[in-house]
Amino acid sequence: MKIATYNVNGVNGRLPVLLRWLESSAPDVVVLQELKAPDTRFPADAIADAGYQAVWHGQKSWNGVAILSRVGEIHETRRGLPNDPDPAQSRYIEAAVNGVLIGGLYLPNGNPRPGPKFDYKIAWFEALIAHADGLLASGLPVMLAGDFNVMPTELDVYKPERWTDDALFAPEIRAAYARLLDQGWTDALRKLHPGETIYTFWDYFRNAYTRNAGLRIDHLLLSPPLAARLVDAQVDREVRGWEKTSDHAPVWIELADK
DNA sequence: ATGGCTGGGCGCCCCAGA
């Protein structure tokens, strides 16, 4: 089973690119972030025509997350994190699909730091860590996937020294990510590509993509039963070079059948 | 160190993103 995460940066503006990528990459399950659309404007028909069922948690203008499947029914288990510090922001959706429980998330950006947005990022992260602990304790095959807005290590930033005070790379944010992993999650991309420079985001500014001035901020975290089935993990990097593309590239993993 | 680009909104500029 191939499971992907993709921050589309506007699901309607990105629809041609999204459909083209669904066809070429053929993921079985997808989590989307930054829909930037209210529930009533989610392009469910076009996505259904492409062969995917969907559940979505939208919001006008900003945020918004969804889960797509072409391998059977999506059983939604929750929308919004327990104890979300601002439930008006649509940043979390969770569902069981084809025997895997998937939490799709869009963690707050948090800039500028310090400030209320950074405080919100910390609070949201703490709520995620608390919920993730319960997910792991269930012993189920679970994954957390999405845009974490965290570069875990210096290897995940093109110029780490420029990002030390940024909300995506600040010490307390990296520490929170490390605490999450220490619960027992496996960072799938890093597990299969240790020591490799891998990015999932390139700024629209300054030809960041052609210069490969990127960040690795989109992650797929696996609970032990899923980590044992991990056979491949890649970034669909070329999608970032398409016309009218998102500033993120899709990231995916392949899980062996049980 | 700054400003560069893009999507969405009730829009002919501003906000947020990372």
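The chains referred to below are lettered A, B, ... by the order of the sequence lines, with proteins before strands, and numbering in each begins at 1. Quick caveat: nothing in here was measured; it's all calculated off a predicted structure.
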Rounded distance in Å - [atom1] ([X]) to [atom2] ([N]):
| X | N | atom1 | atom2 | answer |
| --- | --- | --- | --- | --- |
| A:Q59 | B:dA16 | CD | P | 12 Å |
| A:E243 | B:dT6 | CD | C1' | 13 Å |
| A:K36 | B:dG9 | NZ | P | 9 Å |
| A:I173 | B:dA18 | CD1 | P | 13 Å |
| A:R91 | B:dA16 | CZ | C1' | 11 Å |
| A:D247 | B:dG17 | CG | P | 12 Å |
| A:N63 | B:dA18 | CG | P | 9 Å |
| A:F118 | B:dA18 | CZ | C1' | 14 Å |

Just checking [X]: base, sugar-phosphate only, or nothing, at a heavy-atom cut-off of under 4.0 Å?
| X | result |
| --- | --- |
| A:N9 | sugar-phosphate |
| A:D147 | sugar-phosphate |
| A:Y106 | sugar-phosphate |

Please check the phosphate of [N] (OP1 and OP2 only) for any side-chain N or O of [X] closer than 4.0 Å.
| X | N | result |
| --- | --- | --- |
| A:K60 | B:dC10 | yes |
| A:N109 | B:dA18 | yes |
| A:K117 | B:dG17 | yes |
| A:K244 | B:dG7 | yes |
| A:H248 | B:dG17 | no |

Is there a donor on the side chain of A:N149 or the base of B:dA18 sitting less than 3.5 Å from an acceptor on the other? no
Rounded to the nearest 0.5 Å, what separation is found between the CG atom of A:L189 and the OH atom of A:Y199? 13.5 Å
Side chain of [X] - closest among [options]:
| X | options | result |
| --- | --- | --- |
| A:F201 | B:dG9, B:dA16, B:dA18 | B:dA18 |
| A:P38 | B:dA18, B:dG9, B:dA16 | B:dG9 |
| A:S61 | B:dA18, B:dG9, B:dT2 | B:dG9 |
| A:R14 | B:dA18, B:dC10, B:dG7 | B:dG7 |

With rounding to the closest Å, how many angstrom separate the [atom1] atoms on [N] and [M]?
| N | M | atom1 | result |
| --- | --- | --- | --- |
| B:dG7 | B:dA18 | C1' | 14 Å |
| B:dG4 | B:dG17 | C1' | 13 Å |
| B:dC10 | B:dT6 | P | 23 Å |

Between A:F201, A:W202, A:Y204, which is the residue that forms a ring pair (Phe, Tyr, Trp, His ring centres under 6.0 Å) with A:H248? A:F201
Taking for each residue the nucleotide of DNA chain B bearing the nearest heavy atom, is the 5' side occupied by A:R41 or by A:L215? A:R41
Comparing A:N7 with A:Y204, nearest DNA chain B nucleotide closer to 5' gives the residue A:Y204
Is any side-chain N of the basic residue among [X] and [Y] closer than 4.0 Å to the acidic one's carboxylate O?
| X | Y | value |
| --- | --- | --- |
| A:K2 | A:D28 | no |
| A:E126 | A:R179 | yes |
| A:D257 | A:R229 | no |

Side-chain touch A:R79/A:E94, heavy atoms, less than 4.5 angstrom: no
